[in-house]
4 protein chains.
Amino acid sequence: MPYPAFFIDGLHLAMSKPLAFPALAQFAAATTGRNMTKPAYVAVASGVIMMVLLTVDPAYEAAHHWVDAVLWACLAFFVFEWVVRLRHAVLAQRGWTYALSGRGLVDAAAAAAIPLALMFGTNPKSAWLLGIFWMLKVVPGIPGLRQLRRVLVQESGPLLSVLVIFLMVLFLAAVSVYFLERDVQPATFGSVPAALWWAIATLTTVGYGDVVPITPLGRVVAAVVMICGLGVFGLWTGILATGFAAETRRDNFLKTWESVSKVPFFAALGPAAIADVTHMLRTMDLPARTMIIRKGQTGDCMYFIAAGEVEVDLPGKKVALGDGAFFGEMALLGNNLRSANITTTRLSKLLVLDLVDFRLLMARHPDLAETIDAEARRRALENK
Amino acid sequence: MPYPAFFIDGLHLAMSKPLAFPALAQFAAATTGRNMTKPAYVAVASGVIMMVLLTVDPAYEAAHHWVDAVLWACLAFFVFEWVVRLRHAVLAQRGWTYALSGRGLVDAAAAAAIPLALMFGTNPKSAWLLGIFWMLKVVPGIPGLRQLRRVLVQESGPLLSVLVIFLMVLFLAAVSVYFLERDVQPATFGSVPAALWWAIATLTTVGYGDVVPITPLGRVVAAVVMICGLGVFGLWTGILATGFAAETRRDNFLKTWESVSKVPFFAALGPAAIADVTHMLRTMDLPARTMIIRKGQTGDCMYFIAAGEVEVDLPGKKVALGDGAFFGEMALLGNNLRSANITTTRLSKLLVLDLVDFRLLMARHPDLAETIDAEARRRALENK
Amino acid sequence: MPYPAFFIDGLHLAMSKPLAFPALAQFAAATTGRNMTKPAYVAVASGVIMMVLLTVDPAYEAAHHWVDAVLWACLAFFVFEWVVRLRHAVLAQRGWTYALSGRGLVDAAAAAAIPLALMFGTNPKSAWLLGIFWMLKVVPGIPGLRQLRRVLVQESGPLLSVLVIFLMVLFLAAVSVYFLERDVQPATFGSVPAALWWAIATLTTVGYGDVVPITPLGRVVAAVVMICGLGVFGLWTGILATGFAAETRRDNFLKTWESVSKVPFFAALGPAAIADVTHMLRTMDLPARTMIIRKGQTGDCMYFIAAGEVEVDLPGKKVALGDGAFFGEMALLGNNLRSANITTTRLSKLLVLDLVDFRLLMARHPDLAETIDAEARRRALENK
Amino acid sequence: MPYPAFFIDGLHLAMSKPLAFPALAQFAAATTGRNMTKPAYVAVASGVIMMVLLTVDPAYEAAHHWVDAVLWACLAFFVFEWVVRLRHAVLAQRGWTYALSGRGLVDAAAAAAIPLALMFGTNPKSAWLLGIFWMLKVVPGIPGLRQLRRVLVQESGPLLSVLVIFLMVLFLAAVSVYFLERDVQPATFGSVPAALWWAIATLTTVGYGDVVPITPLGRVVAAVVMICGLGVFGLWTGILATGFAAETRRDNFLKTWESVSKVPFFAALGPAAIADVTHMLRTMDLPARTMIIRKGQTGDCMYFIAAGEVEVDLPGKKVALGDGAFFGEMALLGNNLRSANITTTRLSKLLVLDLVDFRLLMARHPDLAETIDAEARRRALENK
């Protein structure tokens, strides 16, 4: 796997005049954006798969040209990405801000780690293993990550306590079992670190079985450790479940709040009622040409259009509904079956009201109930 | 295991004139229905058991006639089922709709996979293994499946995040341990896929112990992976528990709402109060001749009849209570013990009000409390 | 271990005139009661321990006289218990009711299983293993068992769904891995039942490692099974957590409701407010001479006496507080530290009001707040 | 490792005139306090690490002077700590109270266990293992421990039930598998204690695999035990999750309540509204010079100063805000971005109001909303 000439050439091209061709310019513009581009996902996935194949001797021997080519192409892509982003940041006079941000460092590592390792004479097979850092590029794109991080931060106190208790049980168990087993099994329990290895595999209920106490007292200690393991598990899960439930409610409320106040239907409500309604709704972002409602299906929710447009496919004509309109209420009021196909015409943000919450809303706000009823009657008449 | 003649004959019969005999016609009619019939459950269970026995050499040698017979009978049953359903769908002019629906494909696979495999010369022992697909027929009959699916869909965002984090930890762990252990244990950690096998068994806390790091650094990485495993577990469970709690409430509300509005006792309540009451009740479907209340037992709930009829077995006479009536309130108001046996006379749908919610209801709706009190007094007088 | 003469004699004595001696009569009366007696707990514990020792050859050889003596004594005790209960039930004309009830059958098994096994010539070491059924006697005495059973009943629908999914994954995994591994590892994956053994150990994340797939495809299937195992775990836990939370609230409400209405302090509240207050309180049963409050400690709750009496140890005098009184409010209103020791004088049932709920109660019910404030001022004056 | 002279001398010095030097006097004063000092954390950590190294033969041989020196230094520190605390307690006339308290006993064990063991001729390597007790000194310093203990106490009833069920399944499983496997595997299933070892490793899903049933019936029992293991896990987690959710709410309410009533902004609210507001706020303790808000970031909460001071870094001037002031509301009302850096000037306690709760608060208390709006407008004008 020598340094292929095309790589050097490509790199040179990218660095000297990356914006010389229109297609490249467009691609470079997309690259500087905040989110991962589709080619970047492809590059990460194929790069990691090739890196894995590289370590499987028979596979590599059979197809080493392909593997090498894809790896170098991925590397070139990440170098190009880094260079374009760096150039963009420098032009915007925040070169260092980007270069030292988490994202900048990940980009730098993805681009430079392997070439540097190769330059310093590391075995190529080992150097390419650094391609695993490419995976870190995906991190900002994970949808619920911010939510997960908030849970971990909010619950850090109790989680830390459990961790300290975990470590304490770990050390106490390791020292006791080391004391009890060292004479009988000097090969496996010959030092406290070796006993710690046993203790952690037991306390997390992994239980490899490569190191196992054999004296009666050692086994009694092990049994206590196992039961403690269950307890740590339970506490851990309980804390995370509690935090997650709170975070989910918060997240949904925030996403929905903005949209609710934009729908005229809810405008008449006082602020306390809006807060109440917000808890009942859920936002949904749909691309253009998505079928939301299929004729003949059972309906268990209705929709409000926060932004966008949908098309109702009635027999003989097509009706468009825009911002602030609602639809799907007829199945909830009447015979439970959807009476027409409804499709988005462009990217739309909808507010979904579940059947349960529909009934609660109707019960608590009789004026809204009347509005919906009147509209449903009007539509039923019109469609006849 | 040659193709037995009776199978060919039976198949021929089933395809040519399946509705020639009244019993068969009745059975065919039941088969076309949406739900699994009882014979179908029996066929799936016995078919799978026989398929398992087929692979146990001593058992098969001892009873191969029986095993073969049952397997062919099951297959015949599923072929018959498929043919009847297909015929029914074709007559209703929706042959392709059925054939390409999930259920139609499962029926086709259950009926055709084994014959096709045998036809193409697969070893019979391997071909019959395809009988495992018979189990898929049970899927639509699982009661809470729709509920589970809704939970998975609603929580798909966070679950996906956890999965991505899981995969990331998996790959990082595998590459690090591969790097640390490949020289010491080339047989077990000789490639990244091999290290992935270790990583997944560790991260899910399965811990087979067939592949275990032995270098100190490898063990430190393994310890971190194990603790991450606990974390993934906790997040996973927390997300599912949160989603499940919400879904359970929703499901119960929907099932109860319909029935509540039909009971005249609650008709006087406003819609907001009905929504409140619905949260307190639980529906229960009971077949005919089921004893609901046994004299002398401790009572901790009362019942409203949404639909159906019950019989109160008083000393000397039997009293029937129909739609909208309530019973079981005396034990909640008085001495805690049930004073008579009460049995359903036909399939009935009851609304159950737990002791806790009974007290809350009495506290919040004094008019309902009075109605129940008056009725209980009237009944007590009458029974004296 | 021949049948010792004293056993036959004791049994004869117990059966012929069990109530001949006062102590025995008293003991027999206690035995007929519903709950386990203390000697019964001792007998179960020592019996099971000795049964375990019996199987440890060195221990049994060293102390076989003791082990035998304790085992026969326990057996004699259980036989005596059964006979006394049976006699009591026959005298109350409900002999068969008792004998065929769950409890009667457990008593019968505990008393008769071992003698019968010995009579039919079973090896004594095996016969005494039946002593494990003695443990079942403890079941009705487990405090939260009724609560756990209610959770399992209430959530039986979703739990069953998960179980069916579990079994489905189990069989699909077993058949696939059997198909993939049978030629490579005929000794361990030679039949579907053998593959099922692997699948269940994997799906429950136990992972013994005695049977492990080695082909690449088999390992991929195994990885999927492990992740499914996590999912099953999560669903299982989520369902149980949801059910448990509901049941805990219900249980606490019921236990507290009775007591609250007996305390005159809360009598002035309307029924809706009482339901509200009940959710805030927790009952606590304390034996005589228990110190509830220790002078100088930080106080975070106050107490209402539902039934019983406490003694306040003031400097120079002792004040008794009876049914309906409250205490411990001064630390919540003032300086946070308890100002006197308070002890129960007899078995008392207290209602505990936590600091959080104390504040909510004071905020929502100003009249109650005034009563408590006035009493606290009166006490503070008196103690000066 | 002979008793080094410096240790005896140091001990003598510490005991005879520990307060002779100012630095020592100050250190001694810090030591008598309730919390762990920073040097104590260092001593515990380095002591335990050295104790672990002591058992690793190659490491100890390479650096035994260092290891010994650190160990003796740690021991000297703990002896000194114990002596100072004891002296302090004796001077305050509560010597025995301290000596027999949990903390006093831990201090005594940390100081005296190793010297006593060495004195009685224990092998030094074994004696130093007692250094593991040093870890117990950290216990009172764990932040969430009191919370965890309250959960365990509150839920002790159900947890105990699950434990009893766990033990019952354990013993039943062990006896059954012992009965089924003892003839086939006398080496591993030769006694009930040996079978118990298998049962506990299985029921906790650890699954070492050192002892595994091989008979078909034994494996069926094992499968049942594994599924019970999942159930026990689920119940355990469910109970802890329920208890933890309740405890978290309680803890937060108590911490916040005190501070809320001190903020004049909330003083106008009635007690019921204060209880409501308390549920929305969260306290946060920040050291001096901590940046709370960074200009340009997205803001999702506002802050009230319960105690302390912050500095707003406006263009051209710095504004200080003291007790009772609020800040961060502009990002919530306006364009979502923070408009200035805000830093604490000294140790401050802040109340955080999340965006979700901000909206609920504004909706429910229009007068507070007006106050905040007016202040935000005033600030916006001023900053222009």
Side-chain angles (χ1 to χ4, degrees), chain A residues 48 51-57 59 126 129-132 135-136 138-139 141-145 147-148 151-152 159 163 166 193 196-197 200-201 203-211 232-233 236-245 248 282 300 354-357 359-360 362-364 366 369, chain B residues 154-155 157-162 164-165 167-168 171-172 174-176 178-179 182 190-196 201-202 205-209 212 214 216 219 222-223 226-227 229-231 233-235 237-243 245-246 249-250 253-254 257 270-276 278:
Chain A
V48 170
M51 185 269 286
V52 168
L53 280 185
L54 188 69
T55 67
V56 186
D57 286 339
S126 298
L129 286 181
L130 291 166
I132 197 66
M135 286 187 84
L136 296 179
V138 178
V139 170
I142 304 176
L145 199 72
Q147 201 175 338
L148 285 183
V151 171
L152 295 180
L159 286 176
L163 194 67
F166 179 88
L196 274 171
W197 169 244
I200 200 163
L203 199 53
T204 55
T205 77
V206 168
Y208 286 131
D210 56 337
V211 190
V232 167
F233 239 68
W236 211 274
T237 308
I239 294 166
L240 289 173
T242 304
F244 212 87
T248 300
R282 202 159 38 87
D300 63 353
D354 191 85
L355 179 48
V356 170
D357 296 312
R359 288 188 170 149
L360 289 176
M362 297 299 98
R364 288 192 203 151
Chain B
Q154 293 272 342
E155 303 290 331
L159 286 176
L160 213 72
S161 302
V162 175
V164 172
I165 295 167
L167 287 176
M168 224 158 227
F171 270 83
L172 283 171
V175 170
S176 337
Y178 162 71
F179 181 75
R182 64 182 166 176
S191 69
V192 172
L196 274 171
T202 302
T205 78
V206 168
Y208 285 132
V212 172
I214 53 171
R219 288 184 165 189
M226 288 174 202
I227 293 172
L230 287 191
F233 240 67
L235 283 173
T237 309
I239 293 166
L240 288 174
T242 304
R249 272 197 303 280
R250 178 185 186 276
F253 187 90
L254 285 183
W257 177 273
I274 285 193
D276 185 42
T278 303

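In what follows, chains are A, B, ... by sequence order, proteins preceding strands, each numbered from 1.
- Looking only at heavy-atom pairs under 4.5 Å with chain B, the residue among Gly243(A), Ala59(A), Ser126(A), Ala369(A) that has the most is Ser126(A).
- No part of Leu240(B) comes within reach of chain A, as not one of its non-hydrogen atoms sits under 4.5 angstrom from that chain.
- Considering every non-hydrogen atom in both Met135(A) and Val48(A), the closest pair reads CG-CG2, 3.7 Å.
- Counting heavy-atom pairs under 4.5 Å between each of Val212(B), Val164(B), Val162(B) and chain A puts Val212(B) at the top.
- Of the two parts of Phe171(B), the backbone and the side chain both hold a non-hydrogen atom closer than 4.5 Å to a non-hydrogen atom of chain A.
- The closest side-chain heavy-atom distance from Ser191(B) to Asp57(A) is not below 4.5 Å.
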- request: May I have the step-by-step check of side chain to side chain contact (heavy atoms under 4.5 Å, CB included) for Val139(A) and Met168(B), ending in yes or no?
  value: CA-CA 9 Å; Val139(A) 170; Met168(B) 224 158 227; 3.8 Å; yes

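- Note: Ala223(B) leads Ala223(B), Ser176(B), Ala194(B) in heavy-atom pairs under 4.5 Å with chain A.
- Contact annotation: the side chain of Leu129(A) approaches that of Arg182(B) to within less than 4.5 Å [non-hydrogen atoms, C-beta and beyond].
- Taking Leu160(B), Thr237(B), Val206(B), Thr202(B) one by one and counting their heavy-atom pairs under 4.5 Å with chain A, the maximum is reached by Thr202(B).
- At a 4.5 Å heavy-atom cutoff, the contact between Asp300(A) and chain B is made by backbone and side-chain atoms alike.
- Taking 4.5 Å as the limit, every side-chain heavy atom of Phe233(A) sits out of range of all side-chain heavy atoms of Thr204(A).
- Phe179(B) CZ: 12 or fewer foreign heavy atoms inside a 6.0 Å radius.
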